[in-house]
Structure formats: C-alpha cells, structure tokens
Amino acid sequence: MNNKRIYLSLSQQSGFEQEFVQKALDTNWITSGGPNVDDFEIKLENYFNKGAFVTALNSGTSAIHLALILLGIKAGDEVICQSMTFSASANPVLYQGAVPVFVDSESDTWNICPENLEIAIKDRIKKGKKPKAIIAVHLYGIPYKVDEVHAVADRYDIPVIEDSAEALGSTYKGKKCGSFGSFGILSFNGNKIITTSSGGALISNSKKTKERAIFYSNQSKDIAVHYQHSEIGYNYRMSNICAGIGLGQIKMLDKNIEARRENHFFYREIFNEIEDVELSEISDETSFSNFWLNTILVKQNKNKDRERLRLTLEKANIESRPLWKPMHLQPIFMKYPYYGNKVAEELFDKGLCLPSSSNLTTEDKNRIKEVITNFFR
Ligand SMILES: *Cc1c(COP(=O)(O)O)cnc(C)c1O
C-alpha cells in the first residue's frame, strides 16, 4: 500500500495563480500593494456582506496587531482573549505592552464561554480596569456563540476582534464569520483554507478605518514630499506577488469549503460507530462550519487514549496533532489572569486534529479509516 505521508492541512493550487503572479512580474509590480492587492481586496469585500472593508496584509497576526492599534490599545490596557487558540491570537496583545486576560471555552463550540467572559469583565472592572477589547476565535472553523458573546460585549460596551483566521466561509445565522466584530481578521497562511503563501486581512466596517489600516501597514507616512512620520509605522502590507496567488486561490474557495465539509462527513461516518470518540460538530443549526480541521475527543481508557492514537497514526505516516494548548497554560502567558474552569484543559488533554486537507483523496481516506477502526477494534 502507498505509504506517502498524509498531512493535517496542505495547500493546493487552482492553476490560476501563475497568471496573476506572471502579470505582477511582467508589469514589475513586485512591491507591497499594487493592482493584485486592490483586486484581491475587492474580491474579498464582495465575498463578505455589503459594508465590509478589507485591508490585505502580510499575515493574520499583523491584522490582529493593527486591530489593537486601531482600537487604541496601549501599554497597561487589558485585553480579553479566548484561552483555547493559537498563540498568534494573543501575541499582539503583548506587542502593545498590554495585558492579556484569558477566558475558558464552553463545551459546545470549544470557543470563548459567554458566562466566564462576563465573570471576567465584572471582576476586572471591580479590580479597577475595564478591558478595552475582546479577542474571540472561531476555532477550527466552528463559529463561536456570536449572539451570546456579543450581547455580553455590548452590555459593557467593549469592542470585539473576531479572529476568523480558521473560519473563512463559515457562517452564523447566514452571515459570514469575520463580519460581526468591530474588526474581523483572516489568515492566508499555507495551512489555511486558501493561501497567499503568507498573508492575512483586516475586515472593518468603514472606508476611513481601512485607510488608517493601510497607513499604519505602510510605515505611517505623513503627506509630505520627504519621508515624514508622526506615528509608529509597520511594514504589514500584502505584496502584489502574494495577492496574485490569492486571486488564483479565491477562485477555489467554495470548492475547498465543500471538500473540507466532505471530509467532515467522512469522519462522522467513522466515529458514529466508535463510542469512545466524540467528533466536534455543529450543535446549533444556526451555524455553518467550513470544517477547516476535523477534531476529536478521545476518551481515556486503560490502553486507548489520544496519545496512543496519535502514535498509531504516526506509525502509518499519517499526521495528527493535539488541539491548541490553552494560552493560560503556556509558559509565556501563565502569569496573566485566567477566568474559567477546566474545559479548555480537558479539550487539550483529549483532543486530536485529524488530516483535513481540501485535496484528501479517497485512497488517503481509506488509509485513515483503516488505521482508526483497527485502533478502536
Ligand atoms: C493562523 C492563525 C492566526 C495567525 O495567522 P498568520 O497568518 O499565520 O499570522 C491567528 N489566529 C488563529 C486562530 C490562527 O489559526
């Protein structure tokens, strides 16, 4: 049997990338910004609801950083962040010298828990500082509880930054993830549902904010004939070459979503039969997931657990990985406040991400299925 490595999430080309990249090279538009960047932004704006303004940047991380800057987050300010996430959601808080305050997940969507969010806000206010922003994440493509989370945020008048890096194409009540918060962010890193090799985007709801984002991302150049700067600048703009890749990639976004959702139903069939495993699903019919990654919780038995399954898959040259280790357990973030119980910790102990590339073949699926069903037999 073919033993080629099966990866968690691989990029795939549509075949149209070359044409846009070639055009950039032919016209010598090989710097940051340019016609491909403008076109890529328009394509994304059209993809989102009317009124979405998109700024293409060089990463999702820089998009989160700019969102914090545009919200005026300064040293010593407190920013609430979902603990169960990739570190890139939280690092920009430290770039600003601000203080991250971590909040546990709830067990339906594995995303930020609205009750603990409110407990955290109340307690921070009692301690003398109202949090200045909330970073909520649609982890693995599954929308967080948008209504509940935003109701809490609105009650205390705190802006939400919606980390939609993993959720391009996911929706909540028919509206696209990334368009609910004061800011939404996307990532086009190589492992995401579409890629620009490296890239990201900031979604805002005004033209003026978009202009400010472009200003900061392009070294904060004041209007002058010489280089003049009144504010700290950043080199965060997307390059015209990367945007060319993005223009090719966005053509197959819908196809990729369909393929990832098919992967989900493939896994659902397997795990329906296996009692000791719980596949993460949408429990609420108002949500639609792109199922960027399929993730499972493995019940710990005497001789069967998450780590043993991971090693068994590895032996068959199939990549899998524990879920994100919660931020409040990370050495760099441990000293910051945390509100919650042990939901995220338990998810981390039992959770495993399974291969979910858009181009997973039938042969790949057969290999995965065989290893998993043998393991639980
Ligand atoms: C990938 C990712 C990011 C960061 O995006 P980059 O483009 O890699 O900087 C942020 N948050 C989450 C949840 C991610 O998965």
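First listed ligand is number 1; within each ligand, the first listed atom is number 1. Remember, it's a predicted structure, so these values are computed and weren't measured experimentally. Position 1 is the first residue of the sequence, and the numbers go up from there.
Nearest non-hydrogen protein atom to atom 11 (N) of ligand 1 is Asp163 OD2, 2.7 Å. Annotation: atom 2 (C) of ligand 1 to nearest protein heavy atom, Lys192 NZ, 2.9 Å. Ranking the protein heavy atoms by distance from atom 8 (O) of ligand 1 puts Asn189 ND2, 3.2 Å first. Closest protein heavy atom to atom 15 (O) of ligand 1: Glu166 OE2, 2.6 Å.
Between Thr61 and ligand 1, a contact under 3.5 Å exists for at least one N or O pair. Of the polar atoms of Ser187, at least one N or O is found under 3.5 Å from an N or O of ligand 1, judged by distance alone. Distances between N or O atoms of Trp292 and those of ligand 1 include no value under 3.5 Å. Any N or O atom pair closer than 3.5 Å counts here, and Ala165 shares no such pair with ligand 1.
Residue-ligand proximity: Ser89 is placed with a non-hydrogen atom under 4.0 Å from ligand 1. The closest approach between a heavy atom of Gly199 and any atom of ligand 1 is below 4.0 Å.
Ring geometry for Trp324 against Tyr140 counts as parallel: the plane angle stays under 30°, on a 0 to 90° scale with 60° as the upper cut.
Under the 6.0 Å distance and 45° angle rule, Lys130 does not count as a cation-pi partner of Tyr156.
Defined by atom type and a distance below 3.5 Å, a donor-acceptor pair is missing between the side-chain atoms of Ser356 and Asn263.
Compare Ala88, Ser59, Ala201 by their heavy atoms: the one nearest to atom 4 (C) of ligand 1 is in Ala88.
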Could you list the donor-acceptor pairs under 3.5 angstrom formed by side chains in residues 339-348, with sequence neighbours left out?
unit_1 : atom_1 : unit_2 : atom_2 : d
Tyr339 : OH     : Asp123 : OD2    : 2.6
Tyr339 : OH     : Arg124 : NH1    : 2.9
Lys342 : NZ     : Glu345 : OE1    : 3.2
Glu345 : OE2    : His328 : NE2    : 3.0
Glu346 : OE2    : Lys350 : NZ     : 3.2

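Heavy atoms of other residues, nucleotides or ligands lying less than 6.0 angstrom from CZ of Phe265 number more than 12.
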The test is side-chain contact (heavy atoms from CB on, under 4.5 Å); show your working for Phe16 and Leu247 and say whether it passes. CA-CA 8 Å; Phe16 294 101; Leu247 283 169; over 6 Å; no

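Atoms CG and CD1, from Leu293 and Ile193 in turn, are 9.5 Å apart once rounded to the nearest 0.5 Å.
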